[in-house]
Every structure is written in structure tokens, then in C-alpha cells.
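Worksheet: one structure, shown below.
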Amino acid sequence: MNFDDGDLENQAELEEKTRLINQVLELQHTLEDLSARVDAVKEENLKLKSENQVLGQYIENLMSASSVFQTTDPRNKRTK
């Protein structure tokens, strides 16, 4: 089988195109994976924010119900 310069050049171009197509496909898959990860992290972040709000409100309620955290009237303090 005889290959002339044109055939070898075409073969090289075809191989390069195939390599680039495979690289693009791999990058697309990576991008899809990263996008899915970002969505999962956003969802987890929203869940944690909501839980933090609930816990913050719970702590506020506990503090307001406890006499330890009540503000004191400065007039009731002893003077020297």
C-alpha cells in the first residue's frame, strides 16, 4: 500500500481532529460533573442555612427564657 504526502497529511489531520474531539468530549463531561457538584453544594448550603436559622432562633428563645442572660438594671447595682 502506497501513501503519498497528501494521504499522510490527511491521516495526520484526521488523527488530530479525532484527538481534539475526544478532548472536547472529556471536557464536556468534566463540566457536567462540576455543574452537578455545584448544584449539590448549593442545595446543601441552603439546607444548612435553614438549619442555622432554626438553631439561632432556638438559642435566642433559650437565652430570653433564662435569667442568666437577662439584662440588668444599672440602678440595682451596688455603688461604692
Side-chain angles (χ1 to χ4, degrees):
M1 192 169 192
N2 256 346
F3 288 106
D4 62 8
D5 288 342
D7 287 340
L8 290 176
E9 190 175 301
N10 285 341
Q11 181 67 25
E13 284 180 18
L14 182 60
E15 288 173 3
E16 179 66 9
K17 285 179 183 179
T18 302
R19 187 187 67 78
L20 289 173
I21 288 170
N22 287 335
Q23 188 176 14
V24 165
L25 291 173
E26 183 179 335
L27 290 171
Q28 280 179 333
H29 288 21
T30 301
L31 181 59
E32 289 170 358
D33 292 343
L34 288 172
S35 180
R37 177 72 178 130
V38 166
D39 290 342
V41 168
K42 282 182 179 180
E43 187 176 316
E44 180 69 14
N45 185 34
L46 288 173
K47 178 182 163 195
L48 290 173
K49 276 184 180 181
S50 175
E51 289 175 4
N52 283 344
Q53 286 177 339
V54 169
L55 288 172
Q57 186 63 47
Y58 177 72
I59 290 169
E60 261 185 49
N61 291 341
L62 285 176
M63 288 173 59
S64 66
S66 173
S67 61
V68 173
F69 296 104
Q70 296 300 319
T71 58
T72 57
D73 192 341
R75 292 173 286 175
N76 291 339
K77 288 185 177 179
R78 286 193 248 168
T79 57
K80 292 185 178 181

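Both backbone and side-chain heavy atoms feed into the values below; hydrogens, waters and symmetry mates do not.
Put simply, OG1 on Thr30 and CD on Gln23 are 10.5 Å apart, with the number rounded to the nearest 0.5 Å. One distance of note links CG of Asn52 with CD1 of Ile59; it measures 9.0 Å at 0.5 Å rounding. Of the inter-residue distances, the one linking Arg37 atom CZ with Lys42 atom NZ reads 13.0 Å to the nearest 0.5 angstrom. Separation of atoms CG (Leu62) and CD (Glu60) is listed at 10.5 Å; rounding is to 0.5 Å.
Pairs engaging residues 12-26 under the salt bridge (Lys or Arg N to Asp or Glu O under 4.0 Å) rule: Glu16-Arg19 [sequence neighbours left out].
For the side-chain contact (heavy atoms from CB on, under 4.5 Å) test with Thr18, the passing option among Asn22, Leu20, Ile21 is Asn22; the others fail.
At most 12 non-hydrogen atoms from other residues, nucleotides or ligands lie less than 6.0 angstrom from CD of Glu43.
Contacts of Gln57 classified as side-chain hydrogen bond (donor to acceptor under 3.5 Å, both in side chains), with partners at least two apart in sequence or in another chain: Asn61.
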